[in-house]
Structure formats: C-alpha cells, structure tokens
Protein chains: 2
Amino acid sequence: MTLLRDEGLTVEELAVWRMLQRAQVRITRHLEGELLLAHDLPLASYDVLSRLAEAPERRLRMNDLAGRVLLSRSGLTRLIDRLQRDGLVNREACESDARGLFAVLTDAGAARLAEATPTYLRGVRAHFLDSLGPDEIGQVRQLVTRLAGATDAP
Amino acid sequence: MTLLRDEGLTVEELAVWRMLQRAQVRITRHLEGELLLAHDLPLASYDVLSRLAEAPERRLRMNDLAGRVLLSRSGLTRLIDRLQRDGLVNREACESDARGLFAVLTDAGAARLAEATPTYLRGVRAHFLDSLGPDEIGQVRQLVTRLAGATDAP
DNA sequence: TCTGTTTAGGTGTGCGTGCAACAAACTAAG
DNA sequence: CTTAGTTTGTTGCACGCACACCTAAACAGA
C-alpha cells in the first residue's frame with residue numbers, strides 16, 4: 001500500500017509478480033500430481049531421467065546434471081540414490097577423473113521415461129501452452145530467456 | 001527428442017517451459033536469499049505478513065490466508081506457529097464462528113514487515129521487473145492472469 | 001431434537017531440500 | 001616431490017512442506 005510507492009512499484013507490477021508465482025505453483029502442482037498419480041514419478045525425477053536421455057551415452061556427470069536440473073548437488077545425490085534404488089539409474093565411475101561419477105540411465109529408466117512422457121507433455125500443453133496465443137510463444141521465449149539469465153543447456 | 005514430436009510439442013515449446021521453471025527458481029532463490037540475509041525472514045513469512053497488513057483490521061481467517069499464500073492449510077498452521085513464537089502474529093478467536101481463528105498482525109510484525117519491504121521490492125524490481133521492457137508489463141499481466149487461473153485475492 | 005454431513009483448524013508422520021562440513025582426487029607453485 | 005588450494009561428490013543435520021487423519025463446531029433435514 002503506502003509501502004509500495006515509496007520504492008516505486010506500481011500496484012500492477014506487484015500483482016503481476018504475485019500472479020506469476022501463483023501460476024508457477026499452480027502449473028507445477030498439476031503436472032506433478034498427474035505424473036505421480038499415473039506413473040508414481042515425481043517431477044524432479046522425470047526431469048533427471050529426461051536430461052539423461054538427451055545426453056550422449058545417456059550419461060552425465062553429477063555436477064553437470066545438478067546444473068541442468070534445478071537442484072543443489074546434495075539434493076541431486078539423494079535423488080540419484082532413490083532412482084538407483086528403483087533401478088532407473090546407475091552410478092558409474094569416470095575413467096579420466098577418479099573423483100567423477102556418471103549418472104547413467106538404465107533401460108528400465110528409459111522405459112519408465114517413455115511411459116511417463118505422454119502424460120508430462122500433455123500436462124505442459126494443457127496447463128501452460130494452451131494458455132498462450134498462437135504467436136505468443138516467441139515473445140514468451142524472449143521474455144523467459146531474459147528472466148532465466150543463464151542458458152538452458154550450456 | 002523423438003518422444004517430443006509424437007505428442008506435438010516443438011523443441012521451442014519445451015525449451016520455453018524449461019526456462020520458465022528455471023527463471024522462477026532463480027528469481028525466488030535470489031529474493032529469498034536477500035530477505036534471509038538482511039532480515040532473517042523467509043519469503044513465505046514475508047508473504048503472510050504482507051497479506052495480513054493489507055487485510056482490514058490486519059487480520060485474516062486461517063483458511064482465507066492459506067488461499068492467498070501458496071500454502072496448504074497444514075503448512076500455514078506451522079508457519080503461523082513460528083510467526084507467533086517470534087511475536088509477529090497472534091491468533092484470535094472468531095466471535096461469530098467458534099471454529100474460526102484469526103491470524104492477526106502484531107505491531108512487531110508490522111514493524112518487521114516495514115523493515116523488510118524495501119529489500120523485497122528492490123529484489124522484485126531487480127530480478128523480475130527490470131527484465132521487462134517498458135510496455136511489456138501489460139502483456140505479461142494478461143499472460144500470467146490466464147496462467148494463474150483463479151484470481152489473486154477473491 | 002437428533003443424526004448425518006460439511007467446514008475450520010490442528011497433529012503425526014514421512015519426504016525432499018539446502019547448508020555446512022567432510023574426504024578424496026586433481027592442480028599448481030615452490 | 002611437496003604443499004597449498006580447488007573441485008567433486010557425499011553425509012549430518014535441521015527445516016519446511018504436504019498428505020492423511022482427527023476433533024470440534026456449524027449446518028441440514030426429518
């Protein structure tokens with residue numbers, strides 16, 4: 001209210017920010033709910049599996065993976081623990097660097113990913129893309145690129 | 001990759017969705033980090049305090065508050081517990097409905113909010129609004145309104 | 001008035017996350 | 001070769017959250 005103007009934010013600007021938060025949470029919850037219900041797969045796990053599937057040799061160093069997924073290194077360690085326990089991912093040592101570990105997608109992991117992907121993509125379309133006008137994607141791309149700062153997969 | 005086209009999503013559409021997630025996490029972490037560092041106040045707590053400050057009589061029913069903040073009812077219960085412990089919020093019974101409880105902002109809570117608000121607003125401007133072109137706010141407003149689905153404060 | 005249903009809020013529990021501290025392996029300077 | 005500094009991944013810990021369940025109060029219809 002009064003606090004707002006003192007810092008030069010309009011009411012609209014604050015409302016937009018709040019709605020952005022709300023939108024993000026809303027979309028994410030829907031998506032995760034569907035993924036959990038249909039495939040017992042959390043969103044973060046799906047993200048890891050899909051990143052690995054895209055990577056050459058289906059493998060990525062823990063550190064690289066943590067950079068792509070939105071997770072701290074320790075968070076990723078635990079998540080890979082779970083995925084390994086479920087047989088979707090394996091850890092393999094790195095030849096050139098004895099400290100390094102690869103997370104590598106198993107066949108079971110690839111199968112699980114393939115199974116869940118239609119649900120995921122349908123969700124992204126239904127909860128996100130369908131709200132965009134046909135020509136808006138380009139604008140939104142430029143916008144989120146600016147907001148995201150760093151690139152997606154360096 | 002191959003999985004993508006089968007469901008009719010372009011590579012660009014998926015990239016936009018991923019960047020949106022990345023952007024949201026990035027902004028939120030920056031904002032929360034600054035708020036925590038400067039005022040030892042988590043983002044969720046700031047949100048609650050500001051919602052209460054905006055409400056008539058500085059008070060809101062737990063349920064209403066949970067609707068505005070992006071939190072489950074149980075999550076809000078615990079958060080209010082903490083805020084009450086720190087003296088920023090009090091619980092007061094509701095006259096007309098014996099089940100109801102108001103969360104009401106204390107003077108200390110209002111002071112803490114006033115102290116943290118410049119940091120918060122600066123952060124929103126720096127990490128979000130500054131990435132928008134001067135005329136983009138209106139477009140973004142329409143977009144996020146569609147994405148958020150429900151209204152902000154019904 | 002009584003009984004079944006709905007709503008408000010809180011509690012028990014388990015999960016996922018980040019931070020700080022750690023050990024091991026690499027790297028660079030002397 | 002040695003030593004100091006950096007990077008990689010893991011672990012101890014505490015925190016915050018949601019889900020399922022619970023109690024008390026309100027409401028509905030007979």
Side-chain angles (χ1 to χ4, degrees), chain A residues 21-22 24-26 28-37 40-49 59-86 88-104, chain B residues 21-22 24-26 28-37 40-49 59-86 88-104:
Chain A
Q21 293 180 103
R22 173 173 294 265
Q24 222 286 337
V25 170
R26 198 182 89 91
T28 300
R29 288 208 187 143
H30 277 259
L31 205 50
E32 172 132 42
E34 292 162 1
L35 226 39
L36 233 35
L37 181 66
D40 196 33
L41 199 64
L43 191 53
S45 300
Y46 180 88
D47 242 4
V48 164
L49 296 183
R59 71 187 52 216
L60 241 32
R61 291 281 295 265
M62 294 293 286
N63 223 354
D64 295 357
L65 190 51
R68 298 176 206 238
V69 181
L70 302 167
L71 226 52
S72 69
R73 284 206 310 266
S74 71
L76 182 64
T77 294
R78 309 288 165 67
L79 179 48
I80 295 292
D81 285 347
R82 274 168 267 150
L83 293 174
Q84 191 169 23
R85 170 173 51 73
D86 296 347
L88 306 180
V89 161
N90 268 328
R91 275 182 241 246
E92 288 183 18
C94 174
E95 307 293 333
S96 57
D97 187 342
R99 304 169 294 183
L101 276 181
F102 285 104
V104 48
Chain B
Q21 293 179 104
R22 173 173 295 266
Q24 222 286 337
V25 170
R26 198 182 88 90
T28 301
R29 287 205 188 147
H30 276 260
L31 205 51
E32 172 133 41
E34 292 162 1
L35 226 39
L36 232 36
L37 181 65
D40 196 34
L41 199 64
L43 192 52
S45 300
Y46 179 87
D47 243 4
V48 164
L49 295 182
R59 71 187 53 215
L60 242 32
R61 292 281 295 263
M62 293 295 285
N63 225 352
D64 296 357
L65 191 51
R68 297 177 206 235
V69 181
L70 302 168
L71 226 53
S72 69
R73 285 208 311 264
S74 72
L76 182 64
T77 295
R78 308 289 165 70
L79 178 50
I80 295 292
D81 285 347
R82 276 169 267 150
L83 293 174
Q84 190 169 24
R85 171 174 52 73
D86 297 347
L88 307 180
V89 161
N90 268 328
R91 274 182 241 246
E92 287 183 19
C94 175
E95 307 293 333
S96 56
D97 187 341
R99 305 171 293 182
L101 277 179
F102 284 104
V104 47

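Sequence lines set the chain letters: A, B, ... in the order given, protein chains first and strands last, and positions in each chain run from 1.
- Remark: C1' of dC15(D) and CZ of Arg85(B) are 11 Å apart, rounded to the nearest angstrom.
- Protein atom CG of Leu76(B) is 13 Å distant from nucleotide atom C1' of dA18(D), rounded to whole Å.
- When the side-chain contact (heavy atoms from CB on, under 4.5 Å) test is applied to Leu101(B), the partners found at least two apart in sequence or on another chain are Met62(B), Arg91(B).
- Partners of Ala44(B) under the side-chain contact (heavy atoms from CB on, under 4.5 Å) rule, at least two apart in sequence or in another chain, are Leu79(B).
- Put simply, CG on Leu70(B) is 17 Å from P on dG16(D), counting in whole angstrom units.
- Taking both residues in full, the closest heavy atoms of Ala103(B) and Val89(B) are given as CB-CG1, 4.2 Å, listed atom of the first, atom of the second, then distance.
- In this structure Arg29(B) satisfies the side-chain contact (heavy atoms from CB on, under 4.5 Å) test together with Val25(B), sequence neighbours excluded.
- In this structure a side-chain-to-backbone donor-acceptor pair under 3.5 Å is missing from Arg68(B) to Val48(B).
- The two residues Phe102(B) and Ala93(B) make their nearest non-hydrogen contact at CD1-O, 3.9 Å.
- For residues 92-103 of chain A, every residue pair satisfying the salt bridge (Lys or Arg N to Asp or Glu O under 4.0 Å) rule, not counting sequence neighbours, is listed here: Arg59(A)-Glu92(A), Arg61(A)-Asp97(A), Asp97(A)-Arg99(A).
- Summarising the geometry, the separation between CG on Leu83(B) and P on dC15(D) is reported as 15 Å, rounded to the nearest angstrom.
- Annotation: the span from Asp47(A) atom CG to Leu71(A) atom CG amounts to 9.0 Å, rounded to 0.5 Å.
- In 5' to 3' order, the nucleotides of DNA chain C bounding all contacts with chain A (an atom under 4.0 Å from a heavy atom) are dG16(C) to dC26(C).
- Rounded to whole Å, the distance from CZ on Arg82(A) to P on dT10(D) is 13 Å.
- Closest approach of Leu76(A) to Ala66(A), counting heavy atoms only: CD2-N, 3.5 Å.
- Of the residues near DNA chain D, Gly100(A) and Ser96(B), the one whose nearest nucleotide (by heavy atom distance) lies more toward the 5' end is Gly100(A).
- Remark: Gln21(A) engages Trp17(A), Arg18(A), Gln24(B), Leu43(B), Leu70(B), Tyr120(B) in a side-chain contact (heavy atoms from CB on, under 4.5 Å) (not counting sequence neighbours).
- Interatomic distance, CZ of Arg85(A) versus CG of Asp81(A), reported as 9.0 Å (0.5 Å rounding).
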Report, one pair per line, the protein and nucleotides 3-7 of chain D atoms (nitrogen or oxygen only) whose separation is under 3.5 Å.
unit_1, atom_1, unit_2, atom_2, d
dT7(D), O2, Arg99(A), NH1, 2.5

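- When heavy atoms are screened at a 4.0 angstrom cut-off, Leu71(A) is found touching the sugar-phosphate backbone but no base atom.
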Protein-nucleotides 19-22 of chain D N/O pairs closer than 3.5 Å?
unit_1, atom_1, unit_2, atom_2, d
dC19(D), N4, Ser74(B), OG, 2.9

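- Both Pro42(A) and Thr77(B) lie near DNA chain C, and the one whose nearest nucleotide falls closer to the 5' end is Thr77(B).
- Computed from coordinates, the Glu95(A) CD to dT8(D) P distance equals 18 Å when rounded to whole Å.
- The residue Leu79(A) sits apart from the nucleic acid: no heavy atom pair falls under 4.0 Å.
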